[in-house]
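Any value given below was found using the heavy atoms of this structure, including those in side chains, with hydrogens, waters and symmetry copies removed. As the structure is a computational prediction, the values presented were derived from the model and not from experiment.
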Amino acid sequence: EYGLPPLNDDERKLAAALRTEERTYPPAVECECPDWLFAKIGDPLLLKALNEPAGADFRVCRGSREEVLRLLENEGFEAVPTPYSPLGIRLPTRINLSNCMAYQDGLIEVQDEASQLAALMCGIRPEDRIIDYCSGAGGKALALAAQLKGQGVIEAHDINPQRLEQLKPRLAPARLEELNRIQAEILEKAYALTAPSGRIVYITCSVLEEENGGIVRHFLERHPDMSTIDMPALWREKTAQPWPCGTKPWLELNPLVTG
């Protein structure tokens with residue numbers, strides 16, 4: 001008396017079609033990405049990889065990587081070397097750091113492999129004076145300081161971080177244009193502080209061409225006295241690994257490259 005009435009013929013046909021039909025969605029929806037941003041990135045595999053949960057990367061601060069790996073194994077952690085960074089260690093999932101003695105004893109520091117490689121590829125020398133112009137929490141500045149081995153000078157700065165943070169939560173085309181303008185402005189300020197024969201290392205956490213190669217190319221057009229270094233050669237020198245970016249002249253890292 002209170003049950004649902006039986007399906008009629010049309011309803012049964014519709015139900016059967018829904019069971020057998022392969023439901024497909026537009027690529028941007030499949031990748032959980034706004035249409036305008038999907039059009040700029042244009043790589044479904046990369047977008048899906050960016051949506052996957054990341055593991056936990058660490059930089060070895062003291063001792064050899066092999067020694068620290070053995071210590072972590074003895075603690076019950078499934079740690080492996082990172083694919084490229086000679087100082088990197090990776091765990092498949094995040095851990096409670098209060099239960100990790102290697103971390104508590106200062107042998108390792110939390111830092112993703114891309115940031116480790118960015119610091120390594122700066123190619124610094126002990127006598128260098130370095131300004132980390134947008135240092136944020138200072139992870140790369142600490143990695144650079146370790147390379148200085150107690151010599152040289154490093155200064156960590158972060159110009160008006162709230163200005164950049166306000167752009168991140170709701171990225172839209174207009175906000176992206178503003179972010180690009182800020183990045184170009186930062187490059188100009190860094191240029192004014194660069195000594196003759198000095199280097200500017202431009203690092204972003206973006207996969208968008210207009211924030212990376214686009215910004216660099218426009219900067220080089222404005223400053224013909226500046227030129228790019230041979231990044232593939234520097235990469236091979238620092239990592240003893242083949243260059244992972246094909247014919248690209250600069251390093252671009254993402255989950256499809258480093259995992």
Can you name the closest pair of heavy atoms from [X] and [Y] and give their distance?
{"X": "Glu113", "Y": "Thr82", "result": "OE2-CB, 3.3 Å"}
{"X": "Gln116", "Y": "Phe58", "result": "NE2-O, 3.0 Å"}
{"X": "Cys31", "Y": "Leu47", "result": "CB-CB, 3.8 Å"}
{"X": "Trp243", "Y": "Pro249", "result": "CZ2-C, 4.4 Å"}
{"X": "Ile124", "Y": "Leu144", "result": "CD1-O, 3.4 Å"}
{"X": "Cys61", "Y": "Ile108", "result": "SG-C, 3.9 Å"}

Euclidean distance, [Y] [atom2] relative to [X] [atom1], rounded to 0.5 Å:
{"X": "Cys33", "Y": "Asn51", "atom1": "SG", "atom2": "CG", "value": "8.0 Å"}
{"X": "Asp9", "Y": "Lys13", "atom1": "CG", "atom2": "NZ", "value": "6.0 Å"}
{"X": "Gln183", "Y": "Ser206", "atom1": "CD", "atom2": "OG", "value": "7.0 Å"}
{"X": "Arg129", "Y": "Ile154", "atom1": "CZ", "atom2": "CD1", "value": "11.5 Å"}
{"X": "Leu253", "Y": "Cys245", "atom1": "CG", "atom2": "SG", "value": "6.0 Å"}
{"X": "Glu155", "Y": "Tyr133", "atom1": "CD", "atom2": "OH", "value": "11.5 Å"}

Side chain [X], main chain [Y], donor-acceptor under 3.5 Å:
{"X": "Asp112", "Y": "Ala114", "answer": "yes"}
{"X": "Asn8", "Y": "Asp10", "answer": "yes"}
{"X": "Glu211", "Y": "Leu179", "answer": "no"}

Are [X] and [Y] joined in one hydrophobic group, where the rule is that I, L, V, M, F, W and Y side chains link up if heavy atoms are under 4.5 Å apart?
{"X": "Tyr191", "Y": "Leu220", "value": "yes"}
{"X": "Leu234", "Y": "Trp250", "value": "no"}
{"X": "Tyr202", "Y": "Ile229", "value": "no"}
{"X": "Tyr84", "Y": "Met121", "value": "yes"}
{"X": "Leu256", "Y": "Trp235", "value": "no"}

Is there a side-chain contact between [X] and [Y] (heavy atoms, below 4.5 Å)?
{"X": "Gln241", "Y": "Pro83", "result": "no"}
{"X": "Glu67", "Y": "Val60", "result": "no"}
{"X": "Leu208", "Y": "Leu37", "result": "yes"}
{"X": "Ile186", "Y": "Lys189", "result": "no"}
{"X": "Asn212", "Y": "Val216", "result": "no"}
{"X": "Arg125", "Y": "Gln151", "result": "no"}
{"X": "Leu142", "Y": "Arg59", "result": "yes"}
{"X": "Phe77", "Y": "Ile89", "result": "no"}

**Request:** Decide yes or no on side-chain contact (heavy atoms from CB on, under 4.5 Å) for Leu176 and Lys40, but give the supporting numbers first.
**Result:** CA-CA 12 Å; Leu176 179 59; Lys40 286 181 177 292; 3.9 Å; yes
**Message:** Taking the basic N atoms (NZ, or NE/NH1/NH2) and the acidic carboxylate oxygens, is any pair closer than 4.0 Å for Lys48 and Glu52?
**Reply:** no
**Item:** Lys/Arg-Asp/Glu bridge criterion (N-O < 4.0 Å) met for Arg181, Glu178
**Value:** yes
Is atom [atom1] of [X] surrounded by more than 12 heavy atoms (other residues, nucleotides or ligands) closer than 6.0 Å?
{"X": "Glu188", "atom1": "CD", "result": "yes"}
{"X": "Arg222", "atom1": "CZ", "result": "yes"}
{"X": "His223", "atom1": "NE2", "result": "yes"}
{"X": "Asp35", "atom1": "CG", "result": "no"}
{"X": "Glu78", "atom1": "CD", "result": "no"}

**Request:** Compute whether any side-chain donor of one residue and acceptor of the other, for Glu210 and Asn180, lie under 3.5 angstrom apart.
**Result:** yes
**Message:** Asp128 vs Arg199, test: side-chain contact (heavy atoms from CB on, under 4.5 Å). Steps then yes/no.
**Reply:** CA-CA 10 Å; Asp128 284 344; Arg199 287 180 178 175; over 6 Å; no
**Request:** List the steps and the verdict of side-chain contact (heavy atoms from CB on, under 4.5 Å) for Ile215 and Thr204.
**Result:** CA-CA 11 Å; Ile215 294 285; Thr204 75; over 6 Å; no
